[in-house]
Amino acid sequence: MLSYTGWKLARAGLVEWDGVATELGARVARHLRHGRHMALQVKSSPPRLLTFWIDGPSALAVLSFIFPRTNSDRSALGFCPTERIPRVLLELIGFHPAWDMRFRYTVTRHELLAKLLADIPPGAATRGDAVAFSAQRWVPTSLLGPDGEPALTWVMTPHRGAAILRNRTETNEITVTSNPRRPFWKLLLEASTRLTREGSGS
């Protein structure tokens, strides 16, 4: 008799009903065992987490949607070539072009939490593009490396694109930056491509 977990694996086609791994199950296990991982964490409602296990030229991708009201989650699993990972990331976050915005200002961690939790615009956003961006709702998102540390962190808005968040060394301050010469999408592609190449050993 299969355990509940074994039954779920069999229903997913990862093991036979006698408990022996299928060809797909063996491939999944190989990626989980040997692959180097990266993850995209979107703190939206509901939260989303996309994890890649990179093993050579291919990656196992697991997308999870967590529903806090029901305390349940749903997941989807699939394989993709590693060179498609940047495109998948852009599709998942619903990236769409926005007109160029240029600003740079500093907030404390308390001010950042006030914006994320209560939608209180930071006091440092006092001019033009900074005001327009800070008036929007923010959704924090991070691209995580295999050590669980952010390789890139940003906030998305519904109509004003994204801004990069960077911790200032040894301080309680965070810079919020948008620079048309180094647009968000380019920084995301660079960071994800670097993590992918490191994971595929190239």
Side-chain angles (χ1 to χ4, degrees), residues 37-52 63-73 85-196 198:
H37 72 275
M38 59 185 277
L40 179 72
Q41 185 176 48
V42 184
K43 295 182 179 178
S44 56
S45 182
R48 288 170 287 170
L49 178 66
L50 177 64
T51 303
F52 292 97
L63 173 60
S64 297
F65 291 85
I66 304 166
F67 298 90
R69 290 184 183 177
T70 60
N71 199 28
S72 64
D73 63 74
I85 289 178
R87 178 181 169 185
V88 172
L89 296 179
L90 288 170
E91 290 176 353
L92 179 69
I93 64 174
F95 175 76
H96 51 84
W99 60 73
D100 290 345
M101 303 191 79
R102 182 184 296 276
F103 55 82
R104 177 186 177 91
Y105 58 90
T106 301
V107 298
T108 65
R109 292 184 184 276
H110 178 76
E111 289 173 321
L112 178 61
L113 284 174
K115 173 59 182 173
L116 297 177
L117 299 177
D119 203 21
I120 300 172
T126 58
R127 297 183 180 179
D129 288 343
V131 173
F133 185 83
S134 297
Q136 295 278 299
R137 178 177 54 84
W138 289 4
V139 175
T141 308
S142 296
L143 180 66
L144 308 176
D147 55 1
E149 293 297 318
L152 189 68
T153 300
W154 65 95
V155 286
M156 296 286 297
T157 65
H159 307 295
R160 294 292 186 270
I164 302 298
L165 301 181
R166 287 198 173 91
N167 291 330
R168 299 188 65 179
T169 307
E170 298 180 357
T171 71
N172 189 39
E173 296 178 329
I174 297 163
T175 59
V176 184
T177 307
S178 177
N179 183 353
R181 293 186 178 180
R182 295 282 288 162
F184 158 73
W185 63 266
K186 185 174 182 179
L187 295 173
L188 178 61
L189 294 183
E190 288 176 356
S192 59
T193 299
R194 175 175 53 80
L195 290 174
T196 300
E198 291 173 358

Checklist line | Separation of L112 CG from I120 CD1 (nearest 0.5 Å) | finding: 12.0 Å
Next item on the list: Output yes when K115 and E111 qualify as a salt bridge under the 4.0 Å nitrogen-oxygen rule, no when they do not.
Entry: no
Notebook entry, point to check: What is the minimum heavy-atom distance between S192 and L143, and which atoms define it?
Noted result: N-CD2, 3.7 Å
Note to self: For the CD1 atom of I93 and the CG atom of L50, what is their distance to the nearest 0.5 Å?
What the structure shows: 11.0 Å
Notebook entry, point to check: Where do L40 and T141 come nearest, in terms of heavy atoms and distance?
Noted result: CD1-CG2, 3.7 Å
Item checked: Carboxylate-amine/guanidinium contact E190 R194, below 4.0 Å -> no
Item checked: Closest contact, heavy atoms only, T153 versus P150 -> OG1-CB, 3.3 Å
Item checked: Spacing of F133 atom CZ and T177 atom OG1 [to the nearest 0.5 Å] -> 10.0 Å
Notebook entry, point to check: Would you find a donor on one side and an acceptor on the other, under 3.5 Å apart, between the side chain of R48 and the backbone of L92?
Noted result: yes
Notebook entry, point to check: Under 4.5 Å between any side-chain heavy atoms of W154 and L165, yes or no?
Noted result: no
Note to self: Is there a side chain to side chain contact (heavy atoms under 4.5 Å, CB included) between V107 and E173? Walk through the geometry before answering.
What the structure shows: CA-CA 6 Å; V107 298; E173 296 178 329; over 6 Å; no
Next item on the list: Enter the distance from L89:CG to W185:CH2 here, rounded to the nearest 0.5 Å.
Entry: 14.5 Å
Checklist line | Main-chain N/O of H159 paired to Q136 side chain as donor or acceptor, under 3.5 Å | finding: yes
Check: Given the rule in the side chain to side chain contact (heavy atoms under 4.5 Å, CB included) test, do F184 and M156 qualify, once you have shown the distances and angles that lead to the verdict?
Finding: CA-CA 10 Å; F184 158 73; M156 296 286 297; 4.3 Å; yes
Checklist line | Neighbour count above 12 (heavy atom, 6.0 Å) for R102 CZ | finding: yes
Item checked: Atom pair CD1/CG of I85 and L189 - distance to nearest 0.5 Å -> 12.0 Å
Margin query: Could you measure the distance from the NE2 atom of H37 to the CG atom of D147? Nearest 0.5 Å is fine.
Written below: 8.0 Å
Item checked: Nearest heavy-atom neighbours spanning T157 and R160 -> OG1-N, 2.9 Å
Margin query: Taking A125's backbone N and O only, do any of them form a donor-acceptor pair with S134's side chain (distance below 3.5 Å, no angle check)?
Written below: no
Next item on the list: Carefully, step by step, assess L195 and F52 under the rule side chain to side chain contact (heavy atoms under 4.5 Å, CB included).
Entry: CA-CA 10 Å; L195 290 174; F52 292 97; over 6 Å; no
Check: If you take all heavy atoms of P140 and V155, which pair is closest and at what distance?
Finding: CA-CG1, 4.0 Å
Check: So, N172 side chain and T108 main chain: donor-acceptor pair closer than 3.5 Å or not?
Finding: no
